[in-house]
Amino acid sequence: MPNCDIPGNLILKVAVPVPLDRLFDYLPPLGVNVTELQAGVRVLVPFGKRQQVGILLAVADNSSVRMDKLKPAIAVLDTQPLLADTDIQLLRWASRYYHHPIGEVLAAAFPVALRQGRPALLQRQPCFGLSPQGRLVAPEQLRRAPKQQALLALLQATGSAMTAAALSAYKPALKALLDKGLVTAHESVPGGGLAVTKSVLPANPDQQAAIDAVIANLGRFAVSLLEGVTGSGKTEVYMQIIAEVLAQGKQVLVLLPEISLTPQLEQRFLKRFAVNLVSTHSKLTDNQRLQAWLSMQQGHAAIMLGTRSALFTPLPRPGLIILDEEHDSSFKQQEGFRFSARDVAIARAKGLGIPVLLGSATPSLESMANVAQHRYQLLHLPNRAGNATAPSFQLLDIRNKRMQAGLSEPLLAEIHETLAKKQQALIFLNRRGYAPVQICHGCGWVSRCRRCDANLVIHAADRLLRCHHCGSEQPLPKQCPACKTGELQALGLGTERIERTLASLFPDKVVIRLDRDTTQRKGSLEQYLEQIHDGGVDIILGTQMLAKGHHFPGVTLVAILDIDSGLFSIDYHGSERLAQLIVQVAGRAGRADQPGKVVLQTRHPQHPLLETLLSKGYRAFAQSALQERRQAGLPPFGHQALLRVQAGKAEEPQQFLQAVCQKISELNPGKVQVLGPVTAPMARRAGLFRYQLLLQSPQRKELHHLLDNLLPAIYALKEAKKVRWSLDVDPVDLY
DNA sequence: AGCACGCCGACT
DNA sequence: GTCGGCGTGCTC
């Protein structure tokens, strides 16, 4: 009955950023020539009682909505599409693949300012960069960059000789390039010209092979995995490939897992490349992010450096996508539109017909499997650059050993020895706070969170008990809240406690703690890193963040205090993460003249994971872990989707998942396995009861076919209205 | 997700 | 008599 043709009327099909997986139809705004409207422009539309900025996806001559329900759009906000058709197709594909509403998926491709309807206006003003000398330079100096680029192209085209005329036209650009070491001037040639060549920058044979392999792929789709140990010179490989892409006049997108790594790489790139470079991350203002996005979208910038959300930046001259530290789980968005930036980057490159370069010292098991199946090309950098030797590992069996606050005596001896040689020690413990729980020795009371299935962590410096899951906190009790008489004790270890122990054991040494609590203040991490590099620190202690990217050349001893929790994780990703963590943390140590030593404290020295990893290396570990995954039918050999639910009363998620299971059985899922419903590993969090249902199939197609039919049914369930639910396709975290 | 409407308890 | 609690329903 609905489908009504409206002769002579054209209908706008608009994606609106609301959690409803459909398009909304509008009449064109008054006075707008509909035939000139293109998909990819923003439109301001009335939506219920409010206004929304939507994206026009199509103009049609019919609507399935009754004519009297159609409202005219308020305004068209752009004269040109902000997204290219290939990117709209990519986003529509991602919406289907992740089963996430199209309007929200499209919104994720835009910087906040554009989502709010601000004009897509590129300003020239707020761009600053670093000069080769590391000084902040103003816009005029940066504006020279296109000339430098043109000069490089000229040299490429004409060989080496520059005429006197070209020399005078490009004098400042040439000087800049000489300063950067990108060109070498040889001698004067007759007529007042100059012989200039592009410098051959140093690359060892492995690096050169990797560079050549990726350059050979330019202009077509291919995925390369650059497996390079820490210090093997991955960045140099990236830069030489980027130089070639830039010489071809194309753009490069570089994705990184963490904002703390962006400035480092940005400085190296700015020193090297004579082109406009922009970077984007969450510490920038909305307008700064808008400007970075627009300068890429309008082709002014040639390189964009950014985190996950930068993936969708429009590229009018796409050349290459690089995704560094590809194993890092922060490439998976963990809320809302739960996409994998790695997987979507590959889909995007395929659509654009360009190569993707994935880099890691510890590639994900998925990528290793793709190499084995010849879907990805493996490029290997097995050696550390500059003769640096790989660190040696030592498993320290701490069973029945005397410990001082988590530090065994042999480890303390190692630390003493290292400090005596004026070298630095790095100590890793992935638990912040003073102690993970407080307990009453008299009555057994424990510091439990009232809203979560978790303990309150002692934060001694703040004199607080704090929940790491919901953030609630209370003053540190001085007497037992239950029996009032028993002695309160701190149970277990956190970085804060280790810090105190180290300070008392090494009173004349400088100990620095790096965790979320000490680096919350903006710029404090950078300050600490500088202090460490200047050598004013003897012991570096910290969590996760030590494992990522930063190199500490003065460190020769690395200790991981507790690896056992990773050995027996409930999530099957645990062993992969532990192996990556061990190799990554180990990579922080050692330099050319001083090989590093890595000490792992464990009560399970015979654990097969450790034996394989330490005696045969990461690749052998990955192979055996993949073998286990294959036997268990787990990813990447099986495919998963996780339905999570939470609500204020325990019955509501239960009833919801029961109804979902009923629907699944009606839809006859074939080979799709249904695991659950079960309570989530943390059954209650922030006062909400949490449950989940895992769907798994050996065939991706079958799983997605089921989801295609199941999702509309879930939206229609009356039980769905009482809960908060979300679907996670290819989950990397089963919590 | 917002934002309405709508029908039952404690306040000026 | 109203203010406001959050259940249910809709958004072209």
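Residue numbers start from 1 in every chain, and the chains themselves are labelled A, B, ... in the order their sequence lines are given, proteins ahead of strands. Source: prediction; values computed, not measured.
- Rounded to a whole Å, the NZ atom of A/Lys721 is 20 Å from the P atom of C/dC6.
- Rounded to a whole Å, the NZ atom of A/Lys722 is 11 Å from the P atom of C/dG9.
- Between the P atom of B/dG2 and the NZ atom of A/Lys49 lies a distance of 17 Å, rounded to the nearest Å.
- As judged by a 4.0 angstrom heavy-atom cut-off over every strand, A/Leu12 is placed among residues making no nucleic acid contact.
- When heavy atoms are screened at a 4.0 angstrom cut-off, A/Pro17 is found touching no nucleic acid atom at all.
- Checked against B/dA1, C/dC12, C/dT11, the side chain of A/Pro19 finds its nearest nucleotide in B/dA1.
- A/Leu27 has its CG atom 12 Å from the P atom of C/dC12, to the nearest Å.
- Taking the ring centroids of A/Trp725 and A/Tyr691, they lie at or beyond the 6.0 Å cut-off.
- Taking the six-membered ring wherever Trp is involved, the centroid distance between the rings of A/His99 and A/His704 falls below 6.0 Å.
- Ion pair A/Glu326/A/Arg342 flagged as a salt bridge, since at least one NZ, NE, NH1 or NH2 atom sits closer than 4.0 Å to an Asp/Glu carboxylate oxygen.
- Contact annotation for A/Tyr26: backbone-only contact, meaning every heavy-atom pair under 4.0 Å involves sugar-phosphate atoms and none involves a base.
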(message) The test is side chain to side chain contact (heavy atoms under 4.5 Å, CB included); show your working for A/Leu57 and A/Val14 and say whether it passes.
(response) CA-CA 6 Å; A/Leu57 287 187; A/Val14 180; over 6 Å; no
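- Contact annotation: A/Lys69 side-chain N/O to C/dC10 OP1/OP2 distance is not under 4.0 Å.
- Rounded to whole Å, the distance from CG on A/Asn9 to C1' on C/dC12 is 14 Å.
- If you check C/dC12, C/dT8, B/dA1 against the side chain of A/Val18, the one that comes closest is B/dA1.
- As rounded to whole Å, 14 Å separates atom P of C/dC12 from atom CE of A/Met67.
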(message) Evaluate A/Gln297 against A/Leu122 for side chain to side chain contact (heavy atoms under 4.5 Å, CB included), listing each step before the verdict.
(response) CA-CA 10 Å; A/Gln297 190 248 1; A/Leu122 182 62; over 6 Å; no
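- Computed from coordinates, the A/Arg66 CZ to C/dC10 P distance equals 13 Å when rounded to whole Å.
- Taking atom CD of residue A/Gln51 and atom C1' of nucleotide B/dA1, one finds them 17 Å apart after rounding to whole Å.
- Residue-level contact check: A/Lys13 touches neither bases nor backbone, having no heavy atom under 4.0 Å from any strand.
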